[in-house]
Amino acid sequence: MKKTLMALSALILFLPAGANAGDLEDIVAAIKKRWADTAKKQMSPRDSNPAGAWLATSQGGLWQFQTPDETAAMITDSPNTLVFQPMHINVQILGSRKDVAHAAYYLVGNIMRDGKPIVTNYRTRASEVFVKIGGKWLNSGSHYSPLYGGSGVVFE
């Protein structure tokens with residue numbers, strides 16, 4: 001009994017206080033879903049923080065603060081279709097309540113218009129902040145910057 005108690009105590013003391021089981025997988029799934037939805041032009045405002053989110057696109061320019069509806073409209077109303085695959089997704093859960101996460105990954109793919117590629121070899125670095133609200137990981141900020149030899153996003 002004493003050995004069992006000591007083993008349990010050691011596990012509690014030496015294992016870091018982590019996120020809830022499945023949080024890392026939930027964030028990776030949210031990222032993959034966002035880009036699959038984007039390619040279908042079906043981005044949902046419900047995937048963003050209801051208070052809004054900061055965005056810096058790989059097109060360059062200044063930071064933009066957008067409502068969830070504005071973020072979705074940027075994708076759904078564009079004449080271009082972003083067909084990107086997220087690669088090498090790394091997630092770190094942060095905060096004392098483990099309700100904030102940072103994700104860093106790469107995006108590769110093409111930008112299409114009328115079914116034809118207008119930008120090939122799109123490659124960029126992606127960095128996103130997620131906040132867990134109501135049990136769901138929601139995007140609260142994104143920064144995208146072109147990778148060497150890749151092209152930035154084209155919205156117009």
Side-chain angles (χ1 to χ4, degrees), residues 16-148 150-156:
N20 292 329
D23 279 341
L24 293 174
E25 294 83 359
D26 290 346
I27 295 165
V28 169
I31 291 168
K32 288 180 178 180
K33 178 186 181 305
R34 176 177 283 254
W35 291 108
D37 289 351
T38 295
K40 294 184 261 181
K41 296 181 95 51
Q42 297 177 346
M43 181 177 261
S44 171
R46 293 183 307 271
D47 293 333
S48 294
N49 187 330
W54 286 98
L55 171 68
T57 71
S58 61
Q59 182 179 25
L62 302 175
W63 284 98
Q64 304 170 46
F65 186 79
Q66 297 182 321
T67 67
D69 288 332
E70 290 170 330
T71 299
M74 184 176 70
I75 298 301
T76 59
D77 295 350
S78 173
N80 301 332
T81 303
L82 310 179
V83 183
F84 303 154
Q85 297 295 320
M87 312 272 292
H88 308 291
I89 301 170
N90 294 287
V91 177
Q92 184 177 16
I93 308 282
L94 306 165
S96 60
R97 295 188 311 226
K98 304 296 182 193
D99 60 349
V100 176
H102 177 260
Y105 57 95
Y106 300 101
L107 283 172
V108 298
N110 297 309
I111 300 174
M112 311 292 285
R113 183 177 290 168
D114 299 324
K116 297 180 180 129
I118 61 169
V119 174
T120 58
N121 193 32
Y122 176 88
R123 295 184 296 164
T124 194
R125 294 173 291 255
S127 179
E128 296 184 308
V129 174
F130 289 84
V131 177
K132 194 171 192 179
I133 300 172
K136 184 176 178 184
W137 288 99
L138 302 175
N139 183 285
S140 293
S142 303
H143 181 263
Y144 305 98
S145 59
L147 214 82
Y148 179 77
S151 59
V153 73
V154 177
F155 285 110
E156 303 293 324

Taking the side chain as every heavy atom from C-beta outward, state whether [X] and [Y] have any pair of such atoms under 4.5 Å apart.
X	Y	result
Arg34	Ser48	yes
Leu82	Ile111	yes
Leu24	Ile93	yes

Separation of Met74 CE from Thr57 OG1 (nearest 0.5 Å):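 So the gap between those two atoms works out to 7.0 Å.
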
Spatial distance of atom CG (Asp114) from atom CG (Asn80) [nearest 0.5 Å]: 9.0 Å

Only one of Asp23, Asp99, Asp26 passes salt bridge (Lys or Arg N to Asp or Glu O under 4.0 Å) with Lys132; say which it is. Asp23

For Ser58 and Pro146, work out which heavy atoms get closest and say how close. O-CG, 3.6 Å

Return the minimal non-hydrogen interatomic distance between Pro68 and Pro45, and the atom names on each side. CB-O, 3.3 Å

Please evaluate residues Asp47 and Asn139 with respect to the criterion side chain to side chain contact (heavy atoms under 4.5 Å, CB included), reporting the C-alpha separation (whole Å), side-chain torsions for both, the decisive distance (0.1 Å), and the verdict. CA-CA 6 Å; Asp47 293 333; Asn139 183 285; over 6 Å; no

Applying side chain to side chain donor-acceptor pair (under 3.5 Å), name anything that partners [X], two or more places apart in sequence or on another chain.
X	value
Lys33	Asp37
Thr71	Gln66
Asn110	none
Ser145	Arg125

Residues forming a side-chain contact (heavy atoms from CB on, under 4.5 Å) with [X], sequence neighbours excluded:
X	result
Thr81	Lys41, Val83, Met112
Ala56	Trp63, His143
Asn49	Ala51, Ile133, Ser140
Val28	Lys32, Ile89, Val91

Please, which pairs that meet side chain to side chain donor-acceptor pair (under 3.5 Å) have at least one residue in residues 85-95, sequence neighbours excluded?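 Every candidate side chain to side chain donor-acceptor pair (under 3.5 Å) pair involving residues 85-95 fails, so no pair, neighbours aside, qualifies.
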
Considering only residues two or more places apart or on different chains, which pairs with a residue in residues 64-81 satisfy salt bridge (Lys or Arg N to Asp or Glu O under 4.0 Å)? none

Phe65: which residues meet the ring pair (Phe, Tyr, Trp, His ring centres under 6.0 Å) condition with it, sequence neighbours left out? Trp54

Can you list, pair by pair, the side-chain donor-acceptor contacts under 3.5 Å of residues 101-108, counting residues two or more places apart and other chains?
unit_1 : atom_1 : unit_2 : atom_2 : d
His102 : NE2    : Ser127 : OG     : 2.6
Tyr105 : OH     : Trp35  : NE1    : 3.0
Tyr105 : OH     : Glu128 : OE1    : 2.9

